[in-house]
Structures are given as C-alpha cells and as structure tokens.
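FYI, side chains are in, hydrogens and waters are out, and symmetry mates aren't considered; it's all heavy atoms of this structure.
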Amino acid sequence: MATLEVGDKAPAIQAKDQHGKEVKLADFKGKKVILYFYPKDNTPGCTTEACNFRDNYQSLLKNGYEVIGVSIDSEASHQKFINKYELPFTLLADEDQKIVNDYGVWVEKNMYGKKYMGTARTTFIIDENGVIQHIIKKVDNKNASQQIRDLMA
C-alpha cells in the first residue's frame, strides 16, 4: 500500500465518473485539484462532507480549484447521490479499489469491535503540476472546504 507524502507526485488516476465517462487526473493538468476520498454515498458523514463542498463550490472554483470525489461506489450510486443532493462536481467510481490503494486510503477499520476494510476519509490538495501540496487526514465533514481555505491562507 502506498504511503504518500506532501511533495510526492500524485498517482495517476483513470476511472469512470457518474456518467460513465473516463476521467484522468492528467485531464486537470494546469489546475489545482481537491481530491477527496470518502467511504460511501448517501451516508450521514459523507453527505455532510459532499454538501459542504457543494455549498462552497463556486468559491473553490474562483480560487482555481477543481473538486473530485472518489469512493468505491458504482457510477449508478454516484448518479443518485449527485441528483439527490445537487452536487456540481465529479465523483469517480473506484469499484476495483485501485485508486484507494494507490493513494493509501484503503485501510483496516474497526467499528463496534468488528474489523473490516474501508476507505479512510482523506483529502489531497494537488497543485497544477500534479504534486501533492497538502494531505488532510482528519477531515471535518461540516467544514471540509474551510479546512482547505485555512491551509491556503
């Protein structure tokens, strides 16, 4: 499993978005990218985080950021999630878990004493050249976009 650090080149991504369109991280060269990983569509914490990015999306765009969400859910699940909450950004379907493994966010979790594998909620800020500038491991769902603004201040 990858252990990425600030200053590393962001691993290449190639996955389908909510429309079944192939998306590559290289498509965003020259732009800053907020690449956020979340466990599951339509769960309380993930919905709060996604809606926070939605509510601050225009402000993030004005500051030169593209927002891309990644989970292991299917394209169809992403489409329902986007429609239900009017999310204006891309969600990538990582059903084969390649991206979560490449970014080192597929981890063992523990809930009520039961161990299982899942996605660690993590945000990567990637610069125009594809280099990781920040990694947020303790994401505040309600203030996810503010955490990013605070790092840029």
Side-chain angles (χ1 to χ4, degrees), residues 1-6 8 10-11 13 15-19 21 23-25 27-28 31-112 114-127 130 132-153:
M1 183 172 79
T3 303
L4 296 173
E5 296 180 14
V6 170
D8 287 348
I13 289 176
K16 300 224 185 223
D17 70 6
Q18 65 273 12
H19 304 296
K21 179 181 163 228
V23 175
K24 297 179 185 146
L25 186 59
D27 298 340
F28 298 92
K31 296 181 180 181
K32 295 180 277 192
V33 175
I34 296 165
L35 184 66
Y36 83 97
F37 291 87
Y38 65 99
K40 189 151 182 56
D41 291 340
N42 287 303
T43 56
C46 298
T47 299
T48 299
E49 182 180 18
C51 289
N52 179 266
F53 280 126
R54 175 200 65 203
D55 295 346
N56 294 283
Y57 185 64
Q58 290 306 317
S59 164
L60 293 167
L61 282 179
K62 281 182 194 152
N63 286 302
Y65 291 98
E66 288 289 337
V67 177
I68 303 171
V70 180
S71 81
I72 63 168
D73 294 303
S74 68
E75 297 161 35
S77 176
H78 284 341
Q79 188 62 57
K80 288 178 189 162
F81 189 41
I82 284 170
N83 290 341
K84 185 173 182 179
Y85 295 102
E86 299 178 8
L87 304 177
F89 45 84
T90 299
L91 296 180
L92 298 180
D94 186 27
E95 292 180 275
D96 65 0
Q97 301 163 7
K98 178 173 177 6
I99 303 169
V100 292
N101 276 303
D102 287 351
Y103 278 78
V105 298
W106 187 248
V107 298
E108 184 176 81
K109 294 178 150 194
N110 189 341
M111 185 182 289
Y112 307 118
K114 181 180 173 246
K115 292 183 189 282
Y116 64 98
M117 295 301 288
T119 303
R121 188 181 312 278
T122 310
T123 301
F124 292 83
I125 313 299
I126 302 168
D127 74 9
I132 298 168
Q133 295 298 303
H134 298 281
I135 302 171
I136 303 170
K137 293 183 179 176
K138 292 191 187 305
V139 176
D140 177 351
N141 298 340
K142 291 183 179 120
N143 299 299
S145 50
Q146 187 59 50
Q147 282 182 294
I148 293 163
R149 276 196 211 89
D150 291 348
L151 288 170
M152 300 307 131

Test Tyr36 against Val70 for side-chain contact (heavy atoms from CB on, under 4.5 Å), laying out the working first. CA-CA 6 Å; Tyr36 83 97; Val70 180; over 6 Å; no
Strictly distance-based, threshold 3.5 Å: is any side-chain N or O of His78 a donor or acceptor partner for the main-chain N or O of Asp17? no
Tell me the salt bridge (Lys or Arg N to Asp or Glu O under 4.0 Å) pairs involving residues 37-63, sequence neighbours left out? Lys40-Asp73, Glu49-Arg121
On a heavy-atom basis, the closest approach of Leu87 and Cys51 is CD2-N, 4.4 Å
Search all heavy atoms of Tyr38 against all heavy atoms of Thr119 and return the closest pair with its distance. O-CG2, 3.8 Å
Lys80: which residues meet the side chain to side chain contact (heavy atoms under 4.5 Å, CB included) condition with it, sequence neighbours left out? none
Mark yes or no for whether Gln133, through its side chain, and Asp127, through its backbone, hold a donor-acceptor pair below 3.5 Å. no
Is the Tyr103 ring parallel, tilted or perpendicular to the Phe124 ring (thresholds 30°, 60°)? perpendicular
Contact summary for Ile135 and Thr122, nearest pair of heavy atoms: CG2-CG2, 3.8 Å
Is any side-chain heavy atom of Leu35 closer than 4.5 Å to one of Ile13? yes
Does Asn52 reach the main-chain N or O of Ala144 with its side chain, forming a donor-acceptor pair under 3.5 Å? yes
How close do Ala10 and Ile126 get, counting heavy atoms only, and between which atoms? CB-CD1, 3.7 Å
I want to know whether Tyr85 and Phe81 have ring centres closer than 6.0 Å. yes
Side chains of Ile125 and Ile34, heavy atoms from C-beta outward: is any pair under 4.5 Å? yes
Could you grab the distance from atom CG of Leu92 to atom CD1 of Ile99, nearest 0.5 Å is fine? 5.5 Å
Give the minimum heavy-atom separation between Cys46 and Pro39, together with the two atoms involved. SG-CD, 3.4 Å
Got a second to check how far Ser74's OG is from Asp94's CG, nearest 0.5 Å? 12.0 Å
Heavy-atom check, side chain of Gln18 versus side chain of Thr90, under 4.5 Å: yes
With rounding to the nearest 0.5 angstrom, report the CG to CD distance, Leu91 to Glu75. 11.5 Å
More than 12 heavy atoms of other residues, nucleotides or ligands under 6.0 Å from NZ of Lys142: yes or no? no
If we ignore hydrogens and angles and just use 3.5 Å, is the side chain of Asn63 paired with the main-chain N or O of Leu60 as donor and acceptor? no
Quick one: list whatever passes salt bridge (charged side-chain N to carboxylate O under 4.0 Å, His left out) with Lys31, sequence neighbours left out. Glu66
Please name the pair of heavy atoms, one in Pro88 and one in Tyr57, separated by the smallest distance, quoted to 0.1 Å. CG-CD2, 3.4 Å
Taking salt bridge (charged side-chain N to carboxylate O under 4.0 Å, His left out) as the definition, give me every residue that meets it alongside Lys98, ordered by chain and number, with sequence neighbours left out. Asp102
Tell me which donor-acceptor pairs under 3.5 Å the side chains of residues 146-153 have, and how far apart each pair is, sequence neighbours excluded?
from	atom 1	to	atom 2	distance (Å)
Gln146	OE1	Arg149	NH1	3.3
Gln146	NE2	Asp150	OD1	2.7
Gln147	OE1	Asp140	N	2.8
Gln147	NE2	Lys138	O	2.9
Arg149	NH2	Asn56	OD1	3.2
Arg149	NH2	Ser59	OG	3.2

Tyr65: which residues meet the ring-ring contact (aromatic ring centres under 6.0 Å, His included) condition with it, sequence neighbours left out? none
